[in-house]
A.B. asks: 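Sending over a structure as structure tokens; questions will come in a sec.
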Amino acid sequence: MTEMGFFNDEELASISIARMNFQVVGEEAFQPRPAMASVEQSDFFLGRIREIDASSAFAFNADSETKSVIESMALGRTRFANGAASLALKFDSYHVGQSKAGAFFVFELRCYSPATKIYVFLKYDYSEVVTLRGRTAGEQLRRVMHAFVKDKKALQKSALIRVVNGCVETDFSATDRGAVSPGITDFFTRFLGAVRQRDDVELNAAANLAIHDIVKDIPENVWGAAPRVIFARLRESLRTAVSICDDAVVDAVMVAAGRPADPDTVAMLRNSAIKALKKRKIFGLTFPPSDSVFRSAAKRKIRTVENIKIEYPDDLDGVKVDVEKNQENGTAVITIRTQRIEVDEVVNESIGNIRKLAT
């Protein structure tokens, strides 16, 4: 079973919407809508659900009310429509003043495994949905869909929660455009009754392991350089990235490999990167680089008795720079292999350095 973000491949290929419900939130007073008689616009919403697929970064607290409601729905103790309405009411009660009115959706998904149910929350910011209260559910849904097509940022919050044999899994996936990724806003955290599992440093450590996996997975002849050199390139790319995400890692891999033109090579590199991100459970997540994990490469300095000075990244020692020492007389041979010399000039020594050497 292959992991892919929150969903595994088998789930992603087989999910369907069994039930759905939406409520208007963000008004002055919450007014529950009646239960939906059937699933509507299934293809559209399955597309949005697949787009939010991301590794689980949160965990329910032991006393999470949201978790309890979902479990009761999954076991049939609470009717789906009633549970969805109670979740929407709770979400609405936490809805802070600056949040926009919109539609809060709850979906129950089925997949290839009869023992598994997946619950999905989607919050769309769409203030006009309030003015459509008297219209049919179908018309309201179409307006929400049009709002999303017009502005993909209309999907503000989401959560993916798995239930197996009636037990809600503690780990789940959540996104929130109102917070700095991969975090979620305080009110969404309180609504879910959740805590973030890994901080930015831990996510960076997982990214470091992922690029190590990629280097090992791809044959050396594809890289065109020693694994140690490629690993150093990948680390430097992520260290200087604005944020670490799927696209940043894939781009770093392509740069490290010299941006190959062959489509098969590009596909192999991309698939390796995605596989590593899934394995390390950071697929679909975005987070800032951490200096404590992706610090600048250490420098190695050599100075001989003839005052020859060499400075180079320690990662290149034994790769591009070889030092052969004669243990008997102390002499040494230093060999540097490079694609080209970029600076070759005469530099006048300062008076201070000349005096220092003379003493």
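Keep in mind that this is a model prediction, so the values were computed, not measured. Numbers for residues simply follow the sequence, beginning at 1.
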A.B. asks: I want to check something: taking the side chain as every heavy atom from C-beta on, are V201 and V293 in contact at a cut-off of under 4.5 Å?
C.D. replies: yes
A.B. asks: Would F91 and F187 count as a close aromatic pair, with their ring centres under 6.0 Å?
C.D. replies: yes
A.B. asks: For N208 and I211, which heavy atoms make the closest approach, and how far apart are they?
C.D. replies: O-CG1, 3.1 Å
A.B. asks: Are any non-hydrogen side-chain atoms of P227 and E220 less than 4.5 angstrom apart?
C.D. replies: yes
A.B. asks: Taking the side chain as every heavy atom from C-beta outward, state whether K157 and L122 have any pair of such atoms under 4.5 Å apart.
C.D. replies: no
A.B. asks: With no hydrogens and no angle check, is any side-chain donor or acceptor of S64 less than 3.5 Å from a backbone partner on F60?
C.D. replies: no
A.B. asks: I'd like to know if K67 and E65 make a salt bridge, using a cut-off of under 4.0 Å between side-chain N and carboxylate O.
C.D. replies: no
A.B. asks: What closest approach, in Å, do V69 and G83 show between heavy atoms, and which atom pair accounts for it?
C.D. replies: CG1-O, 3.9 Å
A.B. asks: I'd like to know if E236 pairs up with R239 as an ion pair, taking the criterion as any Lys NZ or Arg NE/NH1/NH2 lying under 4.0 Å from an Asp or Glu carboxylate oxygen.
C.D. replies: yes
A.B. asks: For F58, which residues count as a ring-ring contact (aromatic ring centres under 6.0 Å, His included) partner, sequence neighbours excluded?
C.D. replies: none
A.B. asks: Just do the side chain to side chain donor-acceptor pair (under 3.5 Å) check on T175 and S158 with the steps written out, would you?
C.D. replies: CA-CA 5 Å; T175 62; S158 68; 2.4 Å; yes
A.B. asks: Would you call D200 and S290 a side-chain contact if the rule is heavy atoms closer than 4.5 Å?
C.D. replies: no
A.B. asks: Between N204 and E202, is there a side-chain donor-acceptor contact under 3.5 Å, judged purely by atom types and distance?
C.D. replies: no
A.B. asks: Between Y119 and L87, is any pair of side-chain heavy atoms under 4.5 Å apart?
C.D. replies: no
A.B. asks: Would you say the rings of F107 and F45 are close, in the sense that their centroids are separated by under 6.0 Å?
C.D. replies: yes
A.B. asks: Answer whether the closest heavy-atom distance between the side chains of V163 and E71 falls below 4.5 Å.
C.D. replies: no
A.B. asks: Applying side chain to side chain contact (heavy atoms under 4.5 Å, CB included) to Q41 and M20, what does each step give before you reach the verdict?
C.D. replies: CA-CA 10 Å; Q41 307 296 340; M20 64 182 289; over 6 Å; no
A.B. asks: More than 12 heavy atoms of other residues, nucleotides or ligands under 6.0 Å from CG of N271: is that the case?
C.D. replies: yes
A.B. asks: Taking S173 for the side chain and I161 for the main chain, is one N or O donor matched with an acceptor at less than 3.5 Å?
C.D. replies: no
A.B. asks: Between S243 (side chain only) and P288 (backbone N and O only), is there a donor and an acceptor less than 3.5 Å apart?
C.D. replies: no
A.B. asks: Would you find more than 12 non-hydrogen atoms of other residues, nucleotides or ligands less than 6.0 Å from R259 atom CZ?
C.D. replies: yes
A.B. asks: Take atom CG of D217 as the centre, draw a 6.0 Å sphere, and report whether it contains more than 12 heavy atoms from other residues, nucleotides or ligands.
C.D. replies: yes
A.B. asks: Find out whether the Lys NZ or Arg CZ of R162 is both under 6.0 angstrom from the six-membered ring centre of F172 and within 45° of the ring's axis.
C.D. replies: no
A.B. asks: Determine whether the aromatic ring centres of residues F22 and F104 are separated by less than 6.0 angstrom.
C.D. replies: no
A.B. asks: Report yes if some heavy atom in the side chain of F30 is under 4.5 Å from a heavy atom in the side chain of V24; otherwise report no.
C.D. replies: no
A.B. asks: Is there a donor in the side chain of D176 and an acceptor in the side chain of Q156, or the other way round, less than 3.5 Å apart?
C.D. replies: no
A.B. asks: Is it true that, when you exclude R50 itself, more than 12 heavy atoms of the residues, nucleotides or ligands shown sit nearer than 6.0 Å to its CZ?
C.D. replies: yes
A.B. asks: Main chain of A232, side chain of R235: is a donor-acceptor contact present, judged purely on distance under 3.5 Å?
C.D. replies: no
A.B. asks: Is the side chain of R110 donor-acceptor paired with the backbone N or O of A18 at a distance under 3.5 Å, no angle test?
C.D. replies: no
A.B. asks: Is it true that atom CZ of R270 has more than 12 heavy atoms of other residues, nucleotides or ligands lying nearer than 6.0 Å?
C.D. replies: no
A.B. asks: Kindly indicate whether the side chain of M254, heavy atoms from C-beta on, has any atom under 4.5 Å from the side chain of L269.
C.D. replies: yes
A.B. asks: Measure from the side-chain N and O atoms of R48 to the backbone N and O of F44, and report whether any donor-acceptor pair falls under 3.5 Å.
C.D. replies: yes
A.B. asks: I'd like to know if the side chain of K301 reaches the main chain of I310, judged simply by a donor and an acceptor atom lying under 3.5 Å from each other, with no hydrogens or angles considered.
C.D. replies: no
A.B. asks: Are there more than 12 heavy atoms of other residues, nucleotides or ligands under 6.0 Å from atom CD of E306?
C.D. replies: yes
A.B. asks: With no hydrogens and no angle check, is any side-chain donor or acceptor of Q23 less than 3.5 Å from a backbone partner on R33?
C.D. replies: yes
